[in-house]
Amino acid sequence: MVKINFKKIEKKWQKKWEEEKVFVAKEENKKDKHYVLEMFAYPSGAGLHMGHALNYTIGDIFARFKIIKGFDVLHTTGYDALGLPAENAAIKAGAHPMDYTKESTKNFTKQLKSLGFSYDWSRMLDTSDPNYYRWDQWIFLKMLESGLAYQKESSVNWCSRCNTVLANEQVQDGKCWRHDDTRVEIKSLKQWFLKITNYAGELLDKIDDLDWPERTKLMQKHWIGKSYGTEIDFEVNGEKYPVFTTRPDTIFGVTFVVVSPYNQKLKSLVTKEQKKEVDSFLKKLKSVSEKDAVLLEKEGVFTGSYAINPINKEKVPIYIGNFVVADYGSGMVMAVPAHDKRDFEFANKYGINKKIVINPVEFELDKKNLTEAYTGEGVLINSKNFDGLTSEKAKHEITEFLSKAGSGRKTVNFRIKDWGISRQRYWGTPIPIVYCEKCGTVPVPEKDLPIKLPKEVKFGKGNPLTTNDKWVNTKCPKCGGKGKRETDTMDTFVNSSWYFLRYADSNNKKEIFEKKKVNYWNPVDTYIGGAEHACMHLIYSRFYVKFLRDIGLLNFDEPAKKLFHQGMIHAEGGEKMSKSKGNVINPSDILEKYGVDSLRFFLISVASPDKDFEWSEKGIQGSFRFVKKIYEFFENFKEGKDSEKIILKLNSTIKNVGEYFENFDYRKATIELRDLFELIYEEGKASRETLEKFLKLISPICPHLSEELWEKLGNKKLILKSSWPEFKENEIGKKIDFDLNEKVIKSVSKIINKLELRGDKISKVHLYFVPFEFSKVNQAKLSKGLNKKILIYSVQDKEKYDPEGKSKKARPGIPGIWFE
RNA sequence: GUGGAUAUGCCGGAGUGGUCAAACGGGACGGACUCAAGAUCCGUUAGCUUAUGCUUACCUAGGUUCGAAUCCUAGUAUCCACACCA
């Protein structure tokens, strides 16, 4: 057996690709541009894992396919280096995040290079580089100018032992992830927000135009959550408190009002008499995170205040309720216990009166024995002059009435909230704001950007940035007086919200990017990454693109035309790969053993790349065998004339594989390629031309192998720079020509036999063929073969005799059949 | 609770009205080569059986059809996402 030195071959071609700069993207307008992008990596210290390898391989195959097809291709990579996990990992390792990250990215680059991906390394970017994050700061300033960035008090998860805010992901079972004996509190803090809600309407409406997986689009739709309803002003102590409802038809049934415990106006609602009770309730609440609250029983406490229902001037008590979402609507709801499940529960618990105001059409509600809320629609009762109206009509008329009275209006409400970007952490983009004693909150001028992260900080207690006095204390940009820097940093998702734009011009030091370049390459044509980003990164990026468009930098609306989610790779046995389970398969080890091309081939041949699958040692060995078999065949093949079979197979393979690559049906491509190769192998010979075409077809999947063998066939130019093979349509249809008559006879006679066995009598058989086949069948032959009177028609024939519409059933290879 | 996805032979997974007992890979089994192979190659892999026939088969139960893994209806199971949004 021939020993193949995969490593040597891989190095050889990787070097050559670099020397010839084949992956350096140029705006040449050769044919058309294609921007392929895989979601960039968070460079953890552990290095590249198999999921990365799969993600990048999927993109790489696509990029190489587009390159050989002659497109201007932009395919590059970078690092999402800033962020909390990196900071924590560094602290754990006793290193400074800056050094730690540098080491991690270096290691990542080494591994990525050994995998031979078709990246344009000259465009690589790193979000922890001040040259990158200065533009995060720049965008923030632009948003501030446009009124999209603002500060407000908001409730956050707080760990009293870490003395810092925690992200939702860091709250586990209501406790701090680092102190599982410490309950997370909800604390009110002043935070920076980005007004993503300004774009809620467009974000929702444009979803339908995207060529994205349906489930992702749906998730975004739910996340944005548009609902139509009415805003109604309840009066408390002479002040108006707007309340949002989708059921204004139930307004006469309001018997109390509930306010969220995190409502900023709460304090003014609580009376002296109730303060003690309210405080103890709030304290109890603190011990539960927002997420867990869902599972809890509805609880609340009376505030002591009353609200006036604008429709009938009734005074109803105001309660605090743990089930009211603070950030939806106004954080206050009108409660209609007879017609809302949650209000019903709450009223039962606290003995609050219920008023039935909707009568279901099919049955009567029994006031005394109401066992659950009736949440359906019906006809209004106990609603004064609105009695007798249907819910639908009443919604409209009541809203109209309130509108005229100036105490209500029709509104649209979104579920999506403004994006809180403040993090009390070190390893993120500093927010370019200075607090001045005189001037207040002052933005840092553009010319002073970037505000760099200082290296000298102490980790341990609270926000490390506050420990560097020299950095914190600064001059006010406005008056030159004493100022203090904002020490919160930006959420890591800020960095990833626009990086794909920067790739178009990553090395630009003067501006965020050249307009011409960004508009040439963007939007991303094909974006590949995990589905877990559906409601985070993928919404934020859409928001950023829309904003940057509106300030005149971009001439498109959406970040990515087509989106593809790769599946997860599980360890052998179906478990998730994890360090603690010790079942992690490291790509580098696999490379060592089987080479890059085998790994690539395996990763996409097991399952559709969008489905989860299990790692299998046997599987990779199978791929390895196939790759080796190809090498060995080319070692000593006989050049010869192609057989008819090979020509047919080759042409259909070219056609199908091209389509498969285009649609990410990589798995099917490997099947066809195996088929074709096995056929060539069986026959032992093929023409040089055919072998070259085969190599081109497999080159996106096994790039090193195909370059090597391509060269062996005597080619001087890279296979990447050759062209995608063409196929002959007539060679594909040919197979059907050969035996179409016979085939039809065989299948139709089977049916005739069955029918006659049943006792049916058949005198005539009408057959309807698709047009291109119609010319290929022979009536006489069919009649003879079937021993029946046969009538044949083309399905397009308007004169055809077809009383039962059987011609609709005709398909290539199979005619529609009607017996008489 | 709401929404979505999936259900195929020992396993992964194609197929999506006739050519389907169902591609391809893996596994298992048999054989060849060998001192021997975990290496390579060939074959078998629902059952009866060896006729180019039958029976049972693509989650379950019905239905449409001359014909269904494929279409329709109902159900079951699994997975995922969101989850008190008024």
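No hydrogens, no waters, no symmetry mates; every other heavy atom, side chains included, goes into these values.
- Nucleic acid contact class of A:V336 (heavy atoms, under 4.0 Å, all strands): none.
- The listed nucleotides are B:rG4, B:rC24, B:rA86; the one nearest the side chain of A:R667 is B:rC24.
- Nucleotides B:rA7 and B:rG13 are separated by 13 Å at their C1' atoms, to the nearest Å.
- As rounded to the nearest Å, B:rG3 and B:rU19 have C1' atoms that lie 41 Å from one another.
- One can place CE of A:M219 at 14 Å from C1' of B:rC79, the figure rounded to the nearest angstrom.
- Per the geometry, OH belonging to A:Y666 stands 16 Å off P belonging to B:rA14, to the nearest Å.
- Atom CD1 in A:I416 sits roughly 12 Å away from atom P in B:rA83 (whole-Å rounding).
- Rounded to whole Å, the separation between the C1' atoms of B:rG31 and B:rA23 comes to 25 Å.
- Put simply, A:K668 has a side-chain N or O that comes within less than 4.0 Å of OP1 or OP2 on B:rG15.
- Distance CZ (A:F602) to P (B:rG26): 11 Å, rounded to an integer number of Å.
- As rounded to the nearest Å, B:rC24 and B:rC72 have P atoms that lie 29 Å from one another.
- Applying the 4.0 Å criterion to OP1 and OP2 of B:rA86, one finds that A:S227 has a side-chain N or O inside that range.
- On the P atoms, B:rG25 is 40 Å away from B:rA74, given to the nearest whole Å.
- The C1' atoms of B:rU8 and B:rU56 are separated by 16 Å, rounded to the nearest whole Å.
- Taking atom CH2 of residue A:W212 and atom P of nucleotide B:rG4, one finds them 20 Å apart after rounding to whole Å.
- Side chains of A:D249 and A:S391: a donor on one and an acceptor on the other come within 3.5 Å.
- Contact check, A:R415 against B:rA83: a side-chain N or O comes under 4.0 Å of OP1 or OP2.
- Counting non-hydrogen atoms under 4.0 angstrom, A:S616 reaches nothing in the nucleic acid.
- The shortest non-hydrogen separation linking A:V357 to A:G253 is CG1-N, 3.5 Å.
- For A:R674, the listed nucleotide lying nearest its side chain is B:rC24; candidates were B:rC84, B:rG26, B:rC24.
- Backbone-only engagement by A:G622 is indicated by non-hydrogen atom pairs under 4.0 Å involving sugar-phosphate atoms exclusively.
- For the P atoms, the distance from B:rA69 to B:rG9 is 14 Å, rounded to whole Å.
- Counting only Watson-Crick and G-U wobble pairs whose two key distances fall under 3.5 Å, RNA chain B forms stems of three or more stacked pairs at B:1-7 with B:76-82, B:10-12 with B:24-26, B:27-32 with B:40-45, B:46-48 with B:53-55, B:59-63 with B:71-75.
- Salt bridge status for A:E678 with A:K649: absent, with no side-chain N to carboxylate O gap under 4.0 Å.
- Without hydrogens or angle criteria, A:Y319 side chain to A:F256 main chain gives no donor-acceptor distance under 3.5 Å.
- Atom-to-atom, NE2 of A:H222 to C1' of B:rU2 comes out at 7 Å; the value is rounded to the nearest Å.
- Across all their heavy atoms, A:E392 and A:E377 have their closest contact at N-OE1, 4.3 Å.
- The phosphate of B:rU40 has OP1 or OP2 within less than 4.0 Å of a side-chain N or O from A:R625.
- Across B:rG4 and B:rG75, the matching P atoms stand 15 Å from one another, rounded to whole Å.
- Separation of the A:Y631 and A:F6 ring centroids falls under the 6.0 Å cut-off.
- Among the nucleotides B:rG3, B:rA86, B:rC41, the one closest to any side-chain atom of A:K629 is B:rC41.
- Across all strands shown, A:T246 has heavy atoms under 4.0 Å from sugar-phosphate atoms exclusively, and none from any base.
- Using a cut-off of 4.0 Å between Lys/Arg side-chain N and Asp/Glu carboxylate O, A:D340 and A:K354 are scored as not salt-bridged.
- Once rounded to the nearest 0.5 Å, the distance linking CD1 of A:I585 with CD of A:E617 reads 6.5 Å.
- Closest contact between the side chain of A:D675 and the listed nucleotides B:rC24, B:rA83, B:rG3 involves B:rC24.
- For A:N413 and A:S227, the side-chain atoms include no donor-acceptor pair closer than 3.5 Å.
- Taking atom CD on A:Q621 and atom P on B:rC11, their separation rounds to 21 Å, with Å as the unit.
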